[in-house]
Amino acid sequence: MPFGNTHNKLKLKYTAEQEYPDLSQHNNHMAKVLTSEMYANLRDKETSSGFTLDDVIQTGVDNPGHPFIMTVGCVAGDEETYEVFKDLLDPVIEDRHGGYKPTDKHKTDLNPDNLQGGDDLDPNYVLSSRVRTGRSIRGFCLPPHCSRGERRTIENLSIETLASLEGDLKGKYYALKNMTEEEQQQLIDDHFLFDKPVSPLLLASGMARDWPDGRGIWHNDNKTFLVWVNEEDHLRVISMQKGGNMREVFTRFCTGLTKIEELFKERGHEFMWNEHLGYILTCPSNLGTGLRAGVHVKLPNVSKHEKFGEILKRLRLQKRGTGGVDTAAVGGVFDISNADRLGFSEVELVQMVVDGVNLLVEMEKRLEAGESIDDMMPEQK
Amino acid sequence: MPFGNTHNNFKLNYKVEEEFPDLSKHNNHMAKVLTKDIYGKLRDKQTPSGYTLDDVIQTGVDNPGHPFIMTVGCVAGDEESYEVFKDLLDPVISDRHGGYKPTDKHKTDLNHENLKGGDDLDPNYVLSSRVRTGRSIKGFTLPPHNSRGERRIIERLSIEALNSLDGEFKGKYYPLKTMTDAEQEQLIADHFLFDKPVSPLLTCAGMARDWPDGRGIWHNENKTFLVWVNEEDHLRVISMQKGGNMREVFRRFCVGLQKIEAIFKKHDHGFMWNEHLGYILTCPSNLGTGLRGGVHVKLAKLSTHAKFEEILTRLRLQKRGTGGVDTASVGGVFDISNADRLGSSEVEQVQLVVDGVKLMVEMEKKLEKGESIDSMIPAQK
């Protein structure tokens with residue numbers, strides 16, 4: 001790969017114009033921000049682990065755009081990336097996270113008691129509820145940049161830590177590379193298994209290297225709490241269950257996450273976090289809470305309403321297909337989740353999902369009954 | 001990307017065991033050769049442009065094997081890779097190229113008049129004839145490693161050189177990124193267009209970065225001679241035409257190639273070549289001549305004969321599907337070409353194809369008549 005320190009110096013023999021990427025066909029956050037002057041100013045810099053500007057932007061150069069989503073087009077290789085390349089990443093963050101300024105402070109709130117309601121989303125409409133986030137272990141490089149040795153160390157730390165969870169959180173780790181056919185089939189049936197990334201957005205950033213080495217899935221015996229190790233982030237923590245009891249999902253999420261963080265700290269490892277960007281993750285879109293709380297919900301009528309996009313926007317929600325970020329909806333069932341990650345706390349984001357989905361379901365019932373929803377239009381949150 | 005000088009030094013904080021890839025499920029040349037000892041010895045080295053051992057082997061770590069072919073599993077990032085990493089690459093070369101030793105010398109012969117016959121392969125069976133090779137421009141790093149600046153200069157130099165060709169070689173360059181739809185349709189219809197690599201063998205080595213920047217296709221007006229710029233190698237040179245006149249294809253190949261080389265030399269850019277490895281290319285399998293001379297030939301009966309593989313081995317030929325290296329044959333039509341690249345000259349390799357294909361067509365005719373071919377089985381060449 002061409003992006004290390006030595007080759008970076010070799011590239012400096014070429015002018016910035018000669019090296020500056022052609023972004024004329026591009027539509028992603030990086031392409032909107034990266035001018036040739038900015039490229040020239042940042043191209044001789046590197047983090048202490050050797051991550052360079054070209055490393056940050058490669059995925060955005062290789063992937064001009066996406067039909068359904070405005071992609072970020074840049075990634076971090078370690079915690080310092082967000083500092084060393086702030087001239088690029090601050091504007092990207094601002095653009096992506098609703099005007100978040102370099103001086104803003106982010107609030108973390110993982111106390112589930114602060115959530116109001118959320119235990120009674122109508123299960124006739126809300127098929128499942130899920131909350132996920134990511135965590136990075138301080139002192140290691142991130143998935144686009146980490147070596148096999150680092151990745152394996154992260155895996156070992158994670159296995160040890162997760163093995164000491166108890167009660168409702170007691171569970172088991174399944175390393176991707178040792179998985180039996182039966183285990184694999186079961187994990188697929190449970191909708192837990194993550195596969196080698198196929199999205200070029202991820203592949204182009206280098207996070208699929210050495211697959212499946214160091215990757216695995218841990219889940220509790222009840223199959224309501226799971227952790228992905230070394231996929232797009234060091235850890236992805238997921239709480240999920242069928243039906244509409246988002247409150248319970250969020251409570252388990254907070255309890256589990258807090259416990260895991262304690263256990264890592266006991267072993268001398270913190271999560272990457274600072275008071276400006278919150279939790280530090282690979283993709284700038286996941287900074288802050290890294291939290292996506294969502295439901296699979298039947299909205300065949302509302303989704304066809306001409307104001308659907310507008311309603312979602314005002315509720316600060318986003319829609320996806322039930323296959324996840326890159327997919328389209330099937331059969332009127334949508335994945336509805338919070339659009340924000342940074343600048344709001346975990347509790348605030350889940351509250352928006354709970355309140356917003358409740359409203360959308362009421363609207364769906366109205367439209368089913370042939371009634372108008374004009375008087376139900378929400379204010380911009 | 002994690003493989004530069006700085007991160008390479010960072011990785012040295014981890015032990016060899018921690019960084020050594022898991023090759024237990026792997027079946028490629030690199031995996032057969034790379035031991036922990038070799039890894040330990042080479043992991044702190046780099047070429048002057050910063051290419052490291054992990055860069056060399058990444059594609060082989062990410063791609064354990066292939067159903068149809070024994071893959072090489074390693075690539076060069078520059079000319080020096082073959083020297084700095086000889087402890088790995090010499091055994092890979094020996095294994096791949098029939099026992100070729102570190103002390104062996106390679107013969108280059110691009111005098112098409114030294115070929116005997118080859119103008120009369122039966123066009124009822126031989127549908128098309130083609131000869132290709134690759135060339136690397138000295139002083140630049142190779143496609144897995146090069147920067148946009150380098151790639152663009154290689155493109156510019158190539159365009160200048162190719163635009164000065166005349167007579168039967170007069171032609172035009174089509175950059176991939178500014179191609180019109182009409183041009184694209186035509187190039188596809190002519191079977192000339194190369195697309196962004198999808199094979200993980202290539203993408204994992206980093207050679208698809210920044211696509212389609214700096215890539216393009218040049219061909220002569222007669223559509224019998226074409227050059228790919230910045231695909232898997234700096235240049236791929238191809239001579240082809242319908243029917244069985246391999247002699248004419250090879251003549252045009254040699255004449256065109258030598259004209260191109262002369263122009264590059266005039267501008268102080270030689271091709272990478274040395275007397276041990278011949279022409280230096282990205283993939284160790286293409287060292288030596290880099291030449292693949294082949295035909296699309298109908299061998300419906302012979303291909304189902306019990307001794308088909310044995311015959312090919314003895315004739316030093318290999319079969320592929322008509323879609324190229326990663327594909328299966330369709331309708332009894334095979335791509336038959338020389339198996340060797342290193343240790344024999346261009347003329348010798350094309351001679352093997354001419355003589356071998358002639359024999360196989362005779363065998364096919366015999367089998368069509370219901371006769372035996374036992375008396376025709378060749379000796380090992």
Side-chain angles (χ1 to χ4, degrees), chain A residues 1-25 46-52 54-55 58 61-64 77-78 141-153 156 177 196 198 200 203-206 208-214, chain B residues 1-25 46-52 54-55 58 61-64 77-78 141-153 156 177 196 198 200 203-206 208-214:
Chain A
M1 303 298 142
F3 300 132
N5 184 16
T6 310
H7 198 272
N8 208 41
K9 302 225 175 335
L10 196 88
K11 275 186 281 180
L12 296 178
K13 297 195 179 133
Y14 296 86
T15 65
E17 284 72 42
Q18 284 172 316
E19 289 293 350
Y20 181 66
D22 179 353
L23 301 173
S24 54
Q25 312 293 321
E46 56 186 281
T47 66
S48 38
S49 76
F51 207 63
T52 65
D54 279 325
D55 292 326
Q58 189 66 54
V61 175
D62 288 347
N63 297 289
D78 52 24
C141 296
L142 297 172
H145 193 47
C146 65
S147 70
R148 283 180 295 272
E150 285 183 290
R151 200 185 297 114
R152 289 162 177 174
T153 301
N156 288 336
K177 73 176 176 181
K196 180 171 180 175
V198 292
L203 297 176
S205 70
R209 286 170 301 115
D210 313 313
W211 202 275
D213 196 315
Chain B
M1 303 296 146
F3 300 131
N5 184 15
T6 310
H7 198 269
N8 207 40
N9 290 341
F10 207 65
K11 276 187 280 178
L12 298 178
N13 292 332
Y14 292 85
K15 303 200 292 280
V16 172
E17 287 69 40
E18 288 171 317
E19 290 292 348
F20 185 69
D22 179 349
L23 301 172
S24 53
K25 308 254 187 348
Q46 58 181 295
T47 66
S49 76
Y51 207 64
T52 65
D54 279 325
D55 292 326
Q58 189 65 54
V61 175
D62 289 345
N63 297 290
D78 51 24
T141 60
L142 298 172
H145 192 47
N146 59 19
S147 70
R148 284 179 295 273
E150 284 185 291
R151 201 184 298 113
R152 289 163 177 172
I153 292 185
R156 187 169 52 73
K177 75 177 173 181
K196 178 171 180 175
V198 292
T203 55
C204 291
R209 288 170 300 115
D210 313 313
W211 201 275
D213 197 315

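Below, read A as the first sequence line, B as the second, and so on, with proteins coming before strands; counting in each chain starts at 1.
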Checklist entry - When rounded to the nearest 0.5 angstrom, what is the spacing between CZ in B:R209 and CG in A:D54? => result 9.0 Å
Checklist entry - In Å and rounded to the nearest 0.5 Å, what is the CG to CZ distance from B:D54 to A:R148? => result 4.5 Å
Next on the checklist: Side chains of A:N156 and B:E18, heavy atoms from C-beta outward: is any pair under 4.5 Å?
Outcome noted: no
Checklist entry - Which heavy-atom pair separates B:R148 from A:E19 by the least distance, and what is that distance? => result NE-O, 2.6 Å
Checklist entry - Checking B:E17 against chain A: side chain, backbone, both or neither under 4.5 Å from a heavy atom? => result backbone
Item to check | Side chain, backbone, both or neither of B:T141 within contact of chain A (heavy atoms, under 4.5 Å) | outcome: side chain
Next on the checklist: Is A:S24 in contact with chain B via its backbone, its side chain, both, or neither, using a 4.5 Å heavy-atom distance?
Outcome noted: neither
Checklist entry - Which pair of non-hydrogen atoms, one from B:R152 and one from A:Q18, has the smallest distance, and what is that distance? => result NH1-O, 2.6 Å
Next on the checklist: Is it true that, when you exclude A:K13 itself, more than 12 heavy atoms of the residues, nucleotides or ligands shown sit nearer than 6.0 Å to its NZ?
Outcome noted: no
Item to check | Value rounded to 0.5 Å, distance of OG in A:S49 from NZ in B:K11 | outcome: 11.0 Å
Item to check | Residue pair B:F10 / A:C141: nearest heavy atoms and the distance that separates them | outcome: CE2-SG, 3.8 Å
Next on the checklist: Among B:D213, B:T203, B:D210, exactly one meets side chain to side chain contact (heavy atoms under 4.5 Å, CB included) together with A:D62. Which residue is that?
Outcome noted: B:D210
Item to check | Pairwise distance CD(A:E150) to CD(B:E19) - rounded to 0.5 angstrom | outcome: 7.5 Å
Item to check | Side chain, backbone, both or neither of B:K196 within contact of chain A (heavy atoms, under 4.5 Å) | outcome: side chain
